[in-house]
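Heads up, the thing below is written out as structure tokens.
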Number of protein chains: 2
Amino acid sequence: MPKKSADLISAIQDTADQALDQRVLLSLVGYNLKRAYLSIMPVFEKRMAKYELRPVDFTVLSLLKANPNIQQKRLSAAINVSPPNLATLLDKLEGRHLIQRQRNPLDKRSQTLVLTEDGARLCDKAEKTASDLEIAASNKLTVAERAELIRLLQKIA
Amino acid sequence: MPKKSADLISAIQDTADQALDQRVLLSLVGYNLKRAYLSIMPVFEKRMAKYELRPVDFTVLSLLKANPNIQQKRLSAAINVSPPNLATLLDKLEGRHLIQRQRNPLDKRSQTLVLTEDGARLCDKAEKTASDLEIAASNKLTVAERAELIRLLQKIA
DNA sequence: TATTGTTATACTCTATAACTATA
DNA sequence: TATAGTTATAGAGTATAACAATA
């Protein structure tokens, strides 16, 4: 509801001085999730960039380490990346000799995935970096709070 | 580390039967944040789509309601949308007569933003929808847990 | 010269349709 | 006919550079 002249000027001055009122948005879980995510991810991305890994690449390597010989289909569902997009992602990792696709002898349509030795080495380093970072990134929380946060997040998802 | 023939077959069968091991990833706050976010946002987006609002459009309307006559610069910083992207976003909202840009008489470079009457009405409805949804979306949490989750998320951000 | 906001554009991410090879 | 994976492509979201108007 637009104002005119003097009213507008004083309204602008008032608004500029005040702290931003975000009470409604900050009462919503989704808004807080996004803010928290945006505040911690840039650091993580920066660290992973040293290994030329995006967060999703790290996720794939770490899942392959823990689940060798997993099928692409299952990986795709687990990490919420569509089969077409996963295919190109895996092309890149395979091109860097970090993973290997193996035709499944039981069903030649499907492929199973494993880390190469290079991939396993890189994954170990990246996981170490991630867990180091985890401590630094959540230094605003106590150990108990961090555990509680993770528990609540897993309850939602 | 690729296997051959019989070994591979039994490895594949084992992997296919087992639950996916995500322990490393699930120990990281960032991974859990993303999973929680992805699990609650589709519902929110669907509801907001009825008002032809994306989450970020809702955020802008709600912030303008609570902070009339805010400058674009400040809004841009608050919601993490770059000035060029905010400009086109505001173009669309202004084209729908939901908001209005006003040249700041104190500094003609800047513009301040307000909701129109239509915008205020739509924002009220959308905020009502959001808070209704909030209860349904976080029904896996108790009231106390939800409050604690929000508190911890705000500590991180 | 610096700042606010805009335009134009490029880059990344995500989503969809159509194809292959196997079953 | 159905499924796993791929290719190609389109769309949304995000980032950057160059510009106009004002300070």
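Each chain gets a letter, A, B and so on, in the order its sequence line appears, and its residues count up from 1.
Spacing between atom CG of Asn104(B) and atom P of dA21(D) amounts to 18 Å, rounded to whole angstrom units. Taking atom CE of residue Met41(A) and atom P of nucleotide dC13(C), one finds them 12 Å apart after rounding to whole Å. Leu89(A) places its CG atom 14 Å from the P atom of dA15(C), with the value rounded to the nearest Å. The OH-P distance, from Tyr37(B) to dT14(C), rounds to 12 Å in whole Å. Distance NZ (Lys108(B)) to P (dT6(C)): 17 Å, rounded to an integer number of Å. Rounded to whole angstrom, the span from the NZ atom of Lys92(B) across to the C1' atom of dT6(C) amounts to 15 Å. Nucleotide dT4(C) holds its P atom 14 Å from the CG atom of Leu75(B), rounded to whole Å.
Val81(B) pairs with exactly one of Thr88(B), Leu86(B), Leu75(B) by the side-chain contact (heavy atoms from CB on, under 4.5 Å) rule, that one being Leu86(B).
The side chain of Arg54(B) places an N or O atom within less than 4.0 Å of a non-bridging phosphate oxygen (OP1 or OP2) of dG13(D).
Inter-residue side-chain proximity for Gln72(A) and Pro83(A) is flagged as unmet; no heavy-atom pair is nearer than 4.5 Å. Looking at Leu63(B) and Ile70(B), their side chains never come closer than 4.5 Å, going by heavy atoms from C-beta outward.
For Arg121(B), the side-chain hydrogen bond (donor to acceptor under 3.5 Å, both in side chains) partners are Asp118(B), not counting sequence neighbours.
Taking each heavy atom of Ser27(A) and Ile150(B) in turn, the nearest pair found is O-CD1, 3.6 Å.
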Table of protein N/O atoms under 3.5 Å from nucleotides 3-10 of chain D N/O atoms:
residue	atom	partner	partner atom	Å
dT3(D)	O4'	Arg109(A)	NH1	3.3
dT3(D)	O2	Arg109(A)	NH1	3.3
dA4(D)	OP2	Lys73(A)	NZ	3.1
dG5(D)	OP1	Gln72(A)	N	3.3
dG5(D)	OP1	Gln111(A)	N	2.9
dG5(D)	OP1	Gln111(A)	O	3.0
dG5(D)	OP2	Lys73(A)	N	2.6
dG5(D)	O3'	Gln111(A)	NE2	3.4
dT6(D)	OP1	Arg101(A)	NE	2.9
dT6(D)	OP1	Arg101(A)	NH2	3.1
dT6(D)	OP1	Gln111(A)	NE2	3.3
dT6(D)	OP2	Gln72(A)	NE2	2.7

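Checked by atom type, the side-chain pair Asn67(B)/Gln18(A) shows no donor-acceptor distance below 3.5 Å.
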